[in-house]
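The structure appears right after this line, and notes come after that.
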Amino acid sequence: FGLAISGIGVLGLGGIVSVGPSIDSYEHILKVLRLLLALSGIVGLAYVLANRKIFTVGEALSLLCLSAAVSSSVCILQGQFGILTSLIPKNSDPTGVEAWSRMTGLAEHPIEAGQIGNFGVIIGLGVAQYTGRWLLFLPIILICLYSQTQSASLTAFFSLISAFGLVCLY
């Protein structure tokens, strides 16, 4: 859970750094705060499930990783194949997708989609390294990594690079 909490911290830092170039700083801060709260709640729930012995720590983290892969898969389906685009918040186009749209998967915003994928990558790496079950987690990690091309969130990309650095230091 330390890596997940570190990831939330890096996301917060990335959100602060990316306020400057954002068009609407207030909206950007609100979205980052909502995302931090949501991810903290998810990690907190996983911690409670593991602490109460409902799941082992490995099972709880595996579920978080699998959940990220599902959301990332929807992001890929939207961007690559035009499937499930009705889940994207509506713009002027009735389908909600325009030429410049960035895919959101099961999230509301591309930053969220990118961060969900990041969590899947980092948690997947940690669990695969801990359990040695690389063949099980490698496809999940690759799906989450590939979904970054569809959300196209620079905030998510820079936080993923930072998270890789933290994992290497760890």
Whether S71 side chain and A68 backbone form a donor-acceptor pair below 3.5 Å: no
Is any side-chain heavy atom of S159 closer than 4.5 Å to one of N118? yes
Let me confirm one number: the CZ-SG distance from R102 to C75, rounded to the nearest 0.5 Å. 10.5 Å
For a side-chain hydrogen bond (donor to acceptor under 3.5 Å, both in side chains) check, start with the C-alpha distance between Q150 and Q80, then their side-chain angles and the critical distance, and finish with the verdict. CA-CA 8 Å; Q150 302 305 314; Q80 287 291 125; 3.0 Å; yes
Heavy-atom side-chain proximity of I111 to K31 below 4.5 angstrom: no
G117 versus S147, closest heavy-atom pair with distance: CA-OG, 4.4 Å
Nearest-0.5 Å distance, CZ of residue F81 to CD1 of residue I76: 8.5 Å
Closest approach of A156 to Q115 (non-hydrogen atoms, all atoms of both residues): CA-NE2, 3.3 Å
Is there a side-chain contact (heavy atoms from CB on, under 4.5 Å) between S72 and Y146? Walk through the geometry before answering. CA-CA 8 Å; S72 294; Y146 186 71; over 6 Å; no
Applying a strict under-4.5 Å side-chain criterion to I, L, V, M, F, W and Y, I'd like to know whether Y130 and I140 cluster together. no
Does W134 belong to the same Ile/Leu/Val/Met/Phe/Trp/Tyr cluster as V127, with side-chain heavy atoms less than 4.5 Å apart forming each link? yes
Within a strict 4.5 Å, meaning less than it, do heavy atoms of the F137 and L125 side chains meet? no
So, for A46 and A60, which heavy atoms are closest and what is the spacing to 0.1 Å? O-CB, 3.8 Å
Starting from the C-alpha separation in whole Å, work towards a yes-or-no answer on side-chain contact (heavy atoms from CB on, under 4.5 Å) for L61 and L64. CA-CA 5 Å; L61 291 175; L64 287 177; 4.1 Å; yes
Given 3.5 Å as the limit, does a donor-acceptor pair link the side chain of S62 with the main chain of G58, or not? yes
To the closest 0.5 Å, what do you measure between CD1 (I8) and CG (L13)? 14.0 Å
Decide whether Y47 and I5 are clustered together by the hydrophobic rule: side chain heavy atoms of Ile, Leu, Val, Met, Phe, Trp, Tyr closer than 4.5 Å, transitively. yes
In this structure, CG of L45 is separated from CG of L49 (nearest 0.5 Å) by 4.5 Å
Please say whether more than 12 non-hydrogen atoms of neighbouring residues, nucleotides or ligands are located less than 6.0 Å from CD1 in I54. yes
Set out, in order, the CA-CA distance, both residues' side-chain angles and the distance that settles side-chain contact (heavy atoms from CB on, under 4.5 Å) for L160 and L145, then state yes or no. CA-CA 10 Å; L160 180 63; L145 271 176; 3.8 Å; yes
Between atom CD1 of I29 and atom CG of L36, what is the distance when rounded to the nearest 0.5 Å? 11.5 Å
Is it true that atom CZ of R34 has more than 12 heavy atoms of other residues, nucleotides or ligands lying nearer than 6.0 Å? yes
Residues I42, F119; criterion side-chain contact (heavy atoms from CB on, under 4.5 Å); working and verdict: CA-CA 11 Å; I42 290 168; F119 262 65; over 6 Å; no
Let me check something: do L39 and V57 share a hydrophobic cluster, defined by ILVMFWY side-chain heavy atoms less than 4.5 Å apart, either directly or through other members? yes
Is it true that a side-chain atom of Q78 and a backbone atom of L84 form a donor plus acceptor pair closer than 3.5 Å? yes
Are F164 and L142 grouped together when hydrophobic residues (ILVMFWY) are joined by side-chain heavy atoms under 4.5 angstrom apart? no
Closest approach of G120 and C65, non-hydrogen atoms and distance? O-SG, 3.3 Å
Under 3.5 Å donor-acceptor, Q148 side chain and G114 backbone: yes
Just verifying a value: how many Å separate L136 CG and T131 OG1, rounded to the nearest 0.5 Å? 7.5 Å
Exercise: identify the closest heavy-atom pair between S18 and G15: OG-O, 3.2 Å
